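Worksheet for the structure shown next.
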Amino acid sequence: MTSTLLTVDDGCCITNPSLPPSQGYDGYGNTGYSNGMTGNGAGSSGNGKLMDLLDEPVPGVGTYEDFNTIDWVREKSKDRDRHREITSKSEQSTWALLHSISDAFSGWLLMLLIGLMSGALAGCIDISAHWLTDLKEGVCLSGFWFNHEHCCWGSNQTTFQERDKCPQWQSWAELLGGSSEGAAAYIVNYLMFMLCALLFSFLAVILVRAFAPYACGSGIPEVNTLSFRQTLSDMTKVLQKTKAFLTGGLEYIVPLMAAIMTSKWVADALGREGIYEAHIRLNGYPFLETKEEYGHKTLAQDVMRPRPSDPLLVVFTQEGMSVGEIEGVIADTDYSGFPVVVSQESQRLVGFVLRRDLVISLDNARKRQEGVVSASLVFFLEHVPPQPLSGPPVVKLRGILDLSPFTVTDHTPMAIAVDIFRKLGLRQCLVTHNGRLLGIITKKDILKHMAQMSNRDPDSILFN
């Protein structure tokens, strides 16, 4: 059997020489999700009993890898299923009833605790920030943990006008040189200020690298303003006007308003793209702008991959594939998930399985289930058919299969598909015709299609 390699952005994939033509996809399923399970089928060789990992959760299954967007629809579905199961068991025993009640109030309790912890942490940060800021200028002799203001609160040797000049607080020049005046004192204060600033910067770098490496360069203001740039823009104008009143600059209000309006007109004339939209575009983030209208009359079949000239879809079948074959596909691709069909002939869609869950479940099956080898068959079925007694034990992965991935038909207008992607935050959507899997549409496919419809080169769009 021949093998063909096809690389397509975030969706259409590659074939494996040991498999029939199939397709791997970059994306996540969205609902109908549960923890994985492995085990023997009925009538197998008997080298281990059937293990249902729904009762024994596998660590890592259902989690996300770094730099992957959280699938909120899938998480909502998982939480709904969990709550439904807890509610159904609440009448079985008093303990189950208490568990159901605690689960119902867990959200409110969590919000209360988060609020209390956030307030306490904010207070500690505020106090520490003031102390570290003043520490660059001097130290309190009555207690080094006091900042300048707190140090002088209890002093009886200062007036209200000179409340920041108390003998308990000494600058670094006074502490090290005994004088607060002159060029030497200025140099000492300057060097100590720079030394403390460098020390704090080094400490911040160490903390980020040790505890939050992905926060490096994140820019909290940029994150906060990304979704609320328009509101903040209007708020900025109000604050500027208010500042003019409070600082006594009433006579400058008219020229300030004129300057602000002129700058806005000039910016709109040069382009309506804001700084954050430009940042997203320059960094190659696949972002669908909610304000941009999709005015074309194309269909899902015009955007989906693979194209008519591309190889056939690569899929996993719900039965008949071995552990080695699936691991071979995983090793040859770097996609985040794969569709599962009834058979290669029918291509009837069964569900969608995540790459991460497959890797974890197969590795767990090899470690915890005796006799699982590369020749062991993998089943995505609820009931495994009888197997020969001489064969190796089978691996059951029905539990990690997403039985209801988002799908559209090949004749769905792209305007509707784009709206679904925007409102639900999808990364991919499968395309079917009468239940038969045809292809996939990813967010990157949509962006490239929109660029092509706007007479731009779709290959010029970079995604990092």
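Just so it is clear, the structure is predicted and the values come from calculations on it, not from any experiment.
The backbone N or O of A122 lies less than 3.5 Å from no partner atom in the side chain of D126, so there is not a single donor-acceptor pair. Using a distance-only test at 3.5 Å, with no hydrogens or angles considered, no donor-acceptor pair links the side chain of R427 to the main chain of F421. For the pair W145 (side chain) and W131 (backbone), a donor-acceptor distance under 3.5 Å is absent. Listed for the S128 side chain is no donor-acceptor partner under 3.5 Å among the backbone atoms of I125. Remark: the backbone N or O of V139 is not paired with any side-chain donor or acceptor of W172 at under 3.5 angstrom.
Separation of atoms CH2 (W169) and CZ (F146) is listed at 11.5 Å; rounding is to 0.5 Å. T298 OG1 to I446 CD1: the interatomic distance, rounded to the nearest 0.5 Å, is 9.5 Å. Put simply, NZ on K448 and NZ on K443 are 15.0 Å apart, with the number rounded to the nearest 0.5 Å. Atom NZ of K136 is separated from atom CG of L199 by 11.0 Å, given to the nearest 0.5 angstrom. Atom CG of D302 sits about 13.5 Å away from atom NZ of K297, to the nearest 0.5 Å. Distance CD/E137 to NE2/H148: 8.0 Å, rounded to 0.5 Å.
Ring planes of H449 and H296: perpendicular class, angle over 60° (limits at 30 and 60°).
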Side chain to side chain donor-acceptor pair (under 3.5 Å) between T442 and D445, worked out: CA-CA 5 Å; T442 67; D445 293 331; 3.0 Å; yes
Pair R82-D79, salt bridge (Lys or Arg N to Asp or Glu O under 4.0 Å): steps then yes or no: CA-CA 5 Å; R82 182 190 62 83; D79 184 70; 2.8 Å; yes
Intermediate values then yes/no, side-chain contact (heavy atoms from CB on, under 4.5 Å), F352 and L430: CA-CA 9 Å; F352 194 85; L430 301 177; 4.1 Å; yes
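Annotation: H150, atom NE2; neighbour count of heavy atoms from other residues, nucleotides and ligands within 6.0 Å is above 12. Counting non-hydrogen atoms of other residues, nucleotides and ligands closer than 6.0 Å to CZ of F200 gives a total above 12.
Between M453 and M414, every side-chain heavy-atom pair lies at or beyond the 4.5 Å cut-off. Between T133 and N147, the closest side-chain pair of non-hydrogen atoms is not below 4.5 Å. Inter-residue side-chain proximity for I400 and L358 is flagged as met; some heavy-atom pair is nearer than 4.5 Å. Using a 4.5 Å heavy-atom threshold, the side chains of V188 and L191 count as separate. Between V353 and F316, some side-chain heavy-atom pair lies under the 4.5 Å cut-off. The shortest distance between side-chain heavy atoms of E91 and K89 does not fall below 4.5 Å. Counting only heavy atoms from C-beta outward, the side chains of R355 and I330 approach each other to under 4.5 Å. Between L288 and M450, the closest side-chain pair of non-hydrogen atoms falls below 4.5 Å.
Closest approach of P167 to L141, counting heavy atoms only: O-CD1, 4.2 Å. Residues P413 and L299 come closest through the heavy atom pair CA-CD2, 4.0 Å. Between R307 and R305, the shortest heavy-atom contact is NE-NE, 3.4 Å. Scanning all heavy atoms of the two residues, the minimum distance from D103 to H83 falls at OD2-ND1, 3.2 Å. Listed here is the closest heavy atom pair of S179 and A185: O-CB, 3.6 Å. Annotation for I86 and S100: closest pair CG2-CA, 3.7 Å, computed over non-hydrogen atoms.
In this structure, R84 pairs ionically with D81, as a charged nitrogen and a carboxylate oxygen lie closer than 4.0 Å.
The one candidate from L401, L403, L397, L349 that meets the side chain to side chain contact (heavy atoms under 4.5 Å, CB included) condition with V340 is L401.
Scanning for side chain to side chain contact (heavy atoms under 4.5 Å, CB included) contacts around S93 gives W95, A96, with sequence neighbours left out.
Between C151 and C140, the gamma sulfurs sit within a distance below 2.5 angstrom.
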